[in-house]
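Residue numbers start from 1 in every chain, and the chains themselves are labelled A, B, ... in the order their sequence lines are given, proteins ahead of strands. Only heavy atoms go into these numbers, but all of them, side chains included; no hydrogens, no water, no symmetry mates.
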Amino acid sequence: MRLSRYFLPTLKENPAEAQIASHRLMLRAGMIRQGAAGIYSWLPLGLKVLKHIERIVREEQDRAGAQELLMPTIQSADLWVESGRYDDYGKEMLRIEDRHGRNMLYGPTNEEMITDIFRREVRSYRDLPKNLYHIQWKFRDEIRPRFGVMRGREFLMKDAYSFDLTAEDGRKSYNAMFVAYLRTFARLGLKAIPMRADTGPIGGDLSHEFIILADTGESEVFFHKDFDKIDPLADDVDFTGDLQPIVDRWTSIYAATEEMHDAENCPVESADLITGRGIEVGHIFFFGDKYSKPMGASVQGPEGESVNVQMGSYGIGVSRLVGGIIEASHDENGIIWPEAVAPFKVGLINLRAGDDACTKACDDLYAELEKAGIEVLYDDRDERAGAKFANMDLIGLPWQIAIGPRGLEKGVIELKNRATGERVEVSAADAIQKLSA
RNA sequence: CGGGGAGUGGCGCAGCCUGGUAGCGCAUCUGUUUUGGGAACAGAGGGUCGCAGGUUCGAAUCCUGUCUCCCCGACCA
């Protein structure tokens with residue numbers, strides 16, 4: 001993509017309304033613009049990142065055996081009356097009335113709707129287990145939205161729902177999501193730690209929060225240093241096999257949020273305890289028949305008896321992750337994207353747009369990079385070098401290539417790593433080879 | 001919802017106390033000189049001063065109401 005044609009409205013100064021790093025940087029890098037409190041438009045650069053995260057989340061859900069569907073954003077109030085949550089949910093739920101006076105709502109979550117879909121179609125235990133998910137916009141009318149997309153009112157969430165005949169089987173479904181989450185966050189370039197969680201309004205007796213570490217995170221977390229020793233991506237996971245050992249390995253290491261941590265009775269020696277800050281990006285629950293019972297979601301068991309299915313639900317804050325990743329990965333100059341989610345892999349800078357030889361060298365390399373399937377943002381604008389460098393640092397592409405007359409005389413271009421700041425002079429061919437690896 | 005703060009060209013702000021018809025920096029457009037880490041000079045365009053009432057000869061400025069946004073607290077992917 002040529003920057004001269006791209007819609008990328010970057011800001012040199014910090015907008016007054018943004019306080020935290022991710023919010024400031026997302027506005028400055030031209031990723032989002034605010035529509036109303038907690039509601040944002042996603043501009044091209046921001047949308048690209050959102051889609052990349054979505055893709056990784058989807059791939060890991062599919063790998064773990066979940067199946068994607070898509071439910072609407074607007075729901076009928078009827079189902080919520082049935083589950084008893086229409087009154088319980090309170091003002092956080094955005095209630096709407098249609099032209100016929102029917103009570104509707106903008107879905108804050110989808111337990112009721114998925115349970116309804118399930119109960120209409122599934123009759124036999126032979127159809128179990130099932131795990132259905134979608135990636136859809138939600139709305140929760142937060143009392144106080146803040147921190148940009150980290151706590152917006154409208155947000156993109158992946159929510160999966162598992163259905164099993166027995167609690168024991170439900171535990172297996174839970175484990176599959178547990179492991180899928182570990183893999184997902186690791187692929188996003190994040191260090192995520194599962195922590196036993198309060199089950200909150202969704203209810204149930206088994207629940208974990210997945211917290212990513214970021215210095216600017218909103219809550220304090222405590223965990224054993226042994227988490228550094230395990231890599232979720234080290235082994236290939238067989239999701240059809242027994243995942244309990246993997247789950248046990250992770251849950252046996254101490255980790256607690258501020259609320260759950262008791263400094264007096266902490267089982268970890270202080271030398272081994274790491275204190276950090278974190279952001280919740282995922283939450284999984286097993287809640288048995290909490291919804292299947294009141295809503296009559298049952299199947300016929302092997303003995304011909306009617307059994308309420310055992311359910312779990314599993315959320316990942318997809319849009320929140322965009323902010324979360326930035327919180328975990330930025331410096332004073334801007335964003336530092338992990339390669340897996342970067343909007344472009346490399347930024348190509350023409351240091352002297354008015355120079356024919358320089359422009360030709362840039363155009364050629366741009367064409368070759370595109371041909372090699374490498375996503376490149378080519379700054380072909382007639383701007384000064386300094387402005388281009390600053391802009392590239394701000395939007396945080398993992399690699400930068402700078403081409404100028406000075407280097408061309410020597411037959412070299414400059415390749416810079418955004419994360420380390422390391423700069424090397426290489427030939428154009430070497431740069432392509434390095435970026436293709 | 002309780003407490004605090006702010007709405008003035010696209011962005012960041014000054015002006016308000018002490019009313020006299022709006023200014024600075026950045027950005028934008030034109031031209032010239034420049035060109036390897038947010039250039040210089042010259043010129044230009046762009047503002048219902050959040051909105052609605054009121055006071056006044058006259059309101060960005062004073063009064064009343066209202067809307068919106070931000071920050072702190074309780075809640076959440």
Side-chain angles (χ1 to χ4, degrees), chain A residues 9-20 23-24 27-28 30 33-39 53 57 89-93 107-110 135-160 181 185 197-202 207 209-212 218-219 257 259 279-285 313-324 333-334 349-355 358 379 381-394 400-410 412-414 416 421 423 425:
Chain A
T10 54
L11 270 28
K12 201 163 164 179
E13 290 176 275
N14 283 322
E17 80 251 28
Q19 303 300 314
I20 64 160
H23 190 193
R24 277 201 311 265
L27 288 166
R28 286 192 54 203
R33 286 295 181 262
Q34 185 173 82
I39 301 177
I53 294 171
V57 168
Y89 224 93
K91 288 186 175 173
E92 221 179 67
M93 185 150 76
T109 179
N110 287 64
I135 300 174
Q136 177 64 291
W137 292 92
K138 306 285 190 295
F139 194 94
R140 291 182 193 170
D141 200 357
E142 298 284 341
I143 294 167
R144 188 184 156 212
R146 58 183 130 171
F147 304 151
V149 300
M150 298 259 288
R151 193 176 309 173
R153 289 193 292 176
E154 188 182 52
F155 57 97
L156 186 63
M157 178 164 118
K158 184 287 300 183
D159 41 326
Y181 276 36
F185 297 125
D198 193 20
T199 54
I202 295 184
S207 174
E209 287 178 1
F210 286 76
I211 308 244
I212 59 169
E218 44 186 330
S219 58
T257 56
E259 306 80 51
I279 300 163
E280 184 187 348
V281 289
H283 206 154
I284 60 179
F285 303 87
S313 75
Y314 316 91
I316 290 179
V318 177
S319 51
R320 168 180 277 196
L321 272 166
V322 180
N333 296 320
I349 297 174
N350 183 346
L351 294 172
R352 190 78 63 82
D355 183 284
C358 190
D379 193 343
R381 298 171 308 159
D382 184 16
E383 288 288 335
R384 299 176 64 85
K388 293 186 176 187
F389 281 124
N391 206 243
M392 279 298 175
D393 282 349
L394 173 63
Q400 293 173 17
I401 293 175
I403 299 182
R406 202 178 294 170
L408 286 179
E409 279 177 24
K410 296 187 290 180
V412 297
I413 61 176
E414 185 182 283
K416 173 180 154 182
R423 292 185 286 209
E425 293 197 327

- Message: Could you identify the nucleotide paired to B/G20, looking across every strand shown and requiring Watson-Crick or G-U wobble geometry with both distances under 3.5 Å?
- Response: B/C57

- Sequence-aligned protein contact record of nucleotides 22-35 of chain B, with B where the base is within under 4.0 Å of a protein heavy atom and S where only the sugar-phosphate is: ---BSS------BS

- Query: Any idea which of B/A77, B/G37, B/G38 is nearest the A/Arg28 side chain?
  - Reply: B/G38

- Query: Should B/U64 form a Watson-Crick or G-U wobble pair with both distances under 3.5 Å, which nucleotide is its partner?
  - Reply: B/A52

- Who does B/G2 pair with, Watson-Crick or G-U, both distances under 3.5 Å? B/C72

- Message: Taking any heavy-atom pair under 4.0 Å as a contact, classify A/Arg153: base, sugar-phosphate, or nothing.
- Response: nothing

- Nearest-neighbour nucleotide for the A/Ala16 side chain, B/G37, B/C13, B/C75 considered: B/C13

- Message: Let's see if you can work this out: which of B/G37, B/G38, B/A74 has an atom nearest to the side-chain heavy atoms of A/Ala390?
- Response: B/G38

- Item | Set of side-chain hydrogen bond (donor to acceptor under 3.5 Å, both in side chains) partners for A/Arg384, sequence neighbours left out | none

- Item | Of A/Glu414 and A/Gly35, the one whose closest RNA chain B nucleotide lies more 5' | A/Glu414

- Sequence neighbours excluded, the answer for side-chain hydrogen bond (donor to acceptor under 3.5 Å, both in side chains) partners of A/Thr10 is A/Asn391

- Message: I'd like to check the side-chain hydrogen bond (donor to acceptor under 3.5 Å, both in side chains) partners of A/Asp141; sequence neighbours left out, ordered by chain and number.
- Response: A/Arg153

- Residue whose nearest RNA chain B nucleotide is more 5′ - A/His23 or A/Glu154: A/His23

- Among the nucleotides B/G38, B/C1, B/C75, which one has an atom lying closest to any side-chain atom of A/Lys91? B/C1

- ring pair (Phe, Tyr, Trp, His ring centres under 6.0 Å) involving A/Tyr181 - partner list, sequence neighbours excluded: A/Phe185, A/Phe210

- Task: May I ask whether A/Phe155 stacks on the base of B/A77, given the cut-offs of 5.5 Å between ring centres and 30° between planes?
- Result: yes

- Taking only the side-chain heavy atoms of A/Glu142 (C-beta and beyond), determine which of B/C75, B/C1, B/C69 contains the nearest atom. B/C75

- Query: For A/His283 and B/A77, what is the distance between atoms NE2 and P respectively, to the nearest whole Å?
  - Reply: 6 Å

- Item | C1' atoms of B/C11 and B/G46, separation to the nearest Å | 14 Å

- Message: With heavy-atom distances below 4.5 Å as the criterion, would you say the side chains of A/Gln136 and A/Asn110 are in contact?
- Response: no

- Note on the structure: Of B/G73, B/C76, B/C69, the nucleotide closest to the side chain of A/Arg146 is B/G73

- Nearest listed nucleotide, side chain of A/Leu394, among B/C1, B/C76, B/G38: B/G38

- Item | Pairing partner of B/C11 (Watson-Crick or G-U wobble, both distances under 3.5 Å) | B/G25

- Pairing residues for A/Lys410 by the side-chain contact (heavy atoms from CB on, under 4.5 Å) criterion, not counting sequence neighbours: A/Val412, A/Glu425

- Query: Does B/G31 pair with anything, Watson-Crick or G-U wobble, both distances under 3.5 Å, and if so, with which nucleotide?
  - Reply: B/C41

- Check every strand shown and say whether A/Gly315 touches a base, only sugar-phosphate, or nothing at a heavy-atom separation below 4.0 Å. nothing

- Between B/C13 and B/G47, how far apart are the C1' atoms? Round to whole Å, please. 15 Å

- Task: Measure distances between side-chain N and O atoms of A/Asp393 and base N and O atoms of B/G37, and say whether any donor-acceptor pair falls under 3.5 Å.
- Result: yes

- Query: Has the side chain of A/Arg144 got a donor or acceptor atom sitting under 3.5 Å from an opposite partner on the base of B/G2?
  - Reply: no

- Select one nucleotide: of B/A77, B/G36, B/C69, the one nearest the side-chain heavy atoms of A/Gln34. B/C69

